[in-house]
There are 2 protein chains.
Amino acid sequence: MKAASLRARIRAEMTDEIKAVALRHLATDGANLSLRAVARDLGMASSAVYRYFASRDELLTAIIIDAYDHLGATAEAVPRDGSYPEQWLAVCHAVREWALANVHQWALIYGSPVPGYQAPNDTISSATRVVLTLARIVQDAAAAGQADAGEPVTGPLAEDLQAVASFAGPAVAPQLAGRTMAGWLQLNGAISAELFGQLNNTITARREFFEFQMRGTASWIGLSEVGLRES
Amino acid sequence: MKAASLRARIRAEMTDEIKAVALRHLATDGANLSLRAVARDLGMASSAVYRYFASRDELLTAIIIDAYDHLGATAEAVPRDGSYPEQWLAVCHAVREWALANVHQWALIYGSPVPGYQAPNDTISSATRVVLTLARIVQDAAAAGQADAGEPVTGPLAEDLQAVASFAGPAVAPQLAGRTMAGWLQLNGAISAELFGQLNNTITARREFFEFQMRGTASWIGLSEVGLRES
DNA sequence: CCATATCAAGAGCACTGCTCTTGACTTTCG
DNA sequence: CGAAAGTCAAGAGCAGTGCTCTTGATATGG
């Protein structure tokens, strides 16, 4: 057992090392990651890397899952102090700062999908951690009667939002789930726009503009400014 | 003159043909466009293509500019009927439908930037056509006293928004310019999210959800529901 | 008419992802 | 303990890529 786990441990270390070097390459060279280049950096033959990742896409998938989890953990670690809009803003800023610090990983998970890549099911649980963090705030606010998302929705969208609401929690009405989901997309869009150069030559006060947007989102969702004490 | 313009015309035709084939390849193979494959499809040597585009990036740049102009023209061609929120929604839907019909071109201009690519100045005039179309609606609404964007902004962001407002028109206050800009980013984010798979396994009524979002955006900008006659 | 500019084609370089084979090493089991 | 089986690293090799350079053909303009 010990011996077997030893080899497994070496393998795990090697896998992590490859991912680490790949991340470094990703940070400098951008999205076109070269498997041969990381192998060269590791001092081994390119064919040896294929024992750990069956293809370049598989390496990218591993990095993507790590990025989802890293970002998700960052969002979940935000302390929940102050009013609900303040909590919302705190998570938004945490997500933005993670994105600013990990531009290429953000581009990998939320930018244009890489051509041949198909997201395996392993990613979806990691991918939903941020939006679930946001949903938890809205759920608590709604349970406290401090989230008002306006008129109910009708039509075919109502069913979709009903399903989404069931994930968010019992206090979340479909229209509130819809606005929460849309709010997450607005957060996502605001960050992507900033990162992908949409604000160049236009907005210099990036953080202020981002907060300007997210305040609007929070008020649209209907989060009210009443404070909250923890315990 | 005739002879010279003949060769110039042939060159222009050849350039267009290369772009057309490249667009076809882009639609099928995705973002990793192969110059050699395009040359093969055209029945000529790959080196010959370099007489028309100095590099693959230059070909991509040409396609990007065309995409910006195509999308911009689509947005500008939307008839301006009905109330201001209706006009806003009409442009939003037109942009979305263009994006759905030209996924890869949308990804090229609004997705993660391609690694070595730097946007030349030629693109910025074409790139701003959509947001200027939106700004024109807001400007007209504001001039008619039918756009209320809430409290003025303060701090360093105010200067940025003042400059943005000067592009939008005299009736647009800085905070209104900010919300218009943010509204454009929300439109952009909503479309990118739909196209890039963020809505998979969640929202099936895509068009309805999009309209749900853009109605929220329009109301946040403060566009009022009063109708408008075009004389 | 002839010098000049433009063009298409091919060879070639360095790089990529990926496969296959070979040889060394480790684990497992009879 | 020793042989069989599994795991691993390395190298060669294939097909593809962007891009450069050279060569020869063609068209343009003085």
Side-chain angles (χ1 to χ4, degrees), chain A residues 1-19 21-26 28-64 104 108 113-118, chain B residues 1-19 21-26 28-64 104 108 113-118:
Chain A
M1 270 303 182
K2 189 76 191 302
S5 74
L6 186 146
R7 188 157 76 177
R9 207 191 58 200
I10 289 183
R11 184 180 176 84
E13 280 177 9
M14 200 68 199
T15 305
D16 283 349
E17 201 168 347
I18 293 174
K19 283 199 289 188
V21 174
L23 263 177
R24 248 181 24 222
H25 271 76
L26 200 70
T28 62
D29 296 353
N32 42 5
L33 180 68
S34 164
L35 228 156
R36 288 179 108 118
V38 312
R40 225 176 297 133
D41 259 30
L42 286 165
M44 64 167 145
S46 66
S47 55
V49 181
Y50 282 85
R51 300 232 154 241
Y52 299 89
F53 297 96
S55 70
R56 179 174 158 279
D57 272 8
E58 203 167 280
L59 213 192
L60 280 178
T61 301
I63 291 178
I64 285 175
H104 292 97
L108 218 52
V114 306
Y117 178 76
Q118 196 68 12
Chain B
M1 269 308 183
K2 189 77 192 303
S5 73
L6 187 146
R7 188 156 76 178
R9 207 191 57 201
I10 290 183
R11 184 180 175 85
E13 280 176 10
M14 200 69 200
T15 305
D16 284 349
E17 202 168 346
I18 293 174
K19 281 199 289 189
V21 174
L23 262 177
R24 249 184 21 227
H25 271 77
L26 201 69
T28 61
D29 296 353
N32 42 4
L33 181 67
S34 163
L35 229 156
R36 288 178 110 117
V38 172
R40 225 176 295 133
D41 259 29
L42 285 165
M44 64 167 148
S46 65
S47 55
V49 182
Y50 282 84
R51 300 230 155 242
Y52 298 89
F53 297 96
S55 70
R56 180 173 157 278
D57 273 8
E58 203 167 282
L59 213 192
L60 280 178
T61 301
I63 292 178
I64 285 175
H104 292 97
L108 218 51
V114 306
Y117 177 76
Q118 195 68 13

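Chain A is the first sequence line, chain B the second, and so forth, proteins listed ahead of strands; every chain is numbered from 1.
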- Has Arg40(A) got a side-chain N or O lying under 4.0 Å from the OP1 or OP2 atom of dA14(C)? no
- Between Ala54(A) and Ala37(A), which is nearer to the 5' end of DNA chain C once each is assigned its nearest nucleotide? Ala37(A)
- NA contact type, Leu33(A), heavy-atom cut-off 4.0 Å: base, sugar-phosphate, or nothing? sugar-phosphate
- May I have the distance from Leu42(A) (atom CG) to dC8(D) (atom P), rounded to whole angstrom? 16 Å
- Message: Please report the interatomic distance CG(Leu35(A)) to CG(Leu33(A)), rounded to the nearest 0.5 Å.
- Response: 6.5 Å
- Taking the side chain as every heavy atom from C-beta outward, state whether Lys19(A) and Phe53(A) have any atom pair closer than 4.5 Å. yes
- Interatomic distance where CG belongs to Asp57(A) and P belongs to dT16(C) [whole Å]: 16 Å
- Using whole Å, report how far NE2 of His25(B) lies from C1' of dT17(D). 13 Å
- Can you check side chain to side chain contact (heavy atoms under 4.5 Å, CB included) on Asn32(B) and Asn32(A), steps first, answer last? CA-CA 10 Å; Asn32(B) 42 4; Asn32(A) 42 5; over 6 Å; no
- Is Glu13(A) reaching over with its side chain to a backbone N or O of Arg9(A), donor-acceptor style, under 3.5 angstrom? no
- Between OH of Tyr50(B) and P of dG12(C) the distance, given in whole Å, is 18 Å
- Between CD1 of Ile18(B) and P of dC7(C) the distance, given in whole Å, is 11 Å
- Mind calculating the distance between CZ (Phe53(A)) and P (dC18(C)) to the nearest angstrom? 13 Å
- Item | Partners passing side-chain hydrogen bond (donor to acceptor under 3.5 Å, both in side chains) against Asp41(A) (at least two apart in sequence or in another chain) | Arg24(A)
- Message: With a 4.5 Å cut-off on side-chain heavy atoms, are Arg56(B) and Leu60(B) touching?
- Response: yes
- Query: Roughly how far, to the nearest 0.5 Å, is CG of Asp29(A) from OG of Ser34(A)?
  - Reply: 8.5 Å
- Message: Whole angstroms only, please: what is the CG-C1' distance between Leu35(B) and dT16(C)?
- Response: 16 Å
- Task: Starting from P on dC18(C), measure out to CG on Leu59(A) and report it in whole angstrom.
- Result: 10 Å
All N/O contacts under 3.5 Å from nucleotides 8-11 of chain C to the protein, with atom names and distances to one decimal?
| residue | atom | partner | partner atom | Å |
| --- | --- | --- | --- | --- |
| dA8(C) | OP1 | Tyr52(B) | OH | 2.9 |
| dA8(C) | OP2 | Tyr52(B) | OH | 3.4 |
| dA8(C) | N7 | Arg51(B) | NE | 3.4 |
| dA8(C) | N6 | Arg51(B) | NH2 | 3.4 |
| dA9(C) | OP2 | Ala45(B) | N | 3.1 |
| dA9(C) | N7 | Ser47(B) | OG | 2.8 |
| dG10(C) | N7 | Ser47(B) | OG | 3.3 |
| dG10(C) | O6 | Ser47(B) | OG | 2.8 |

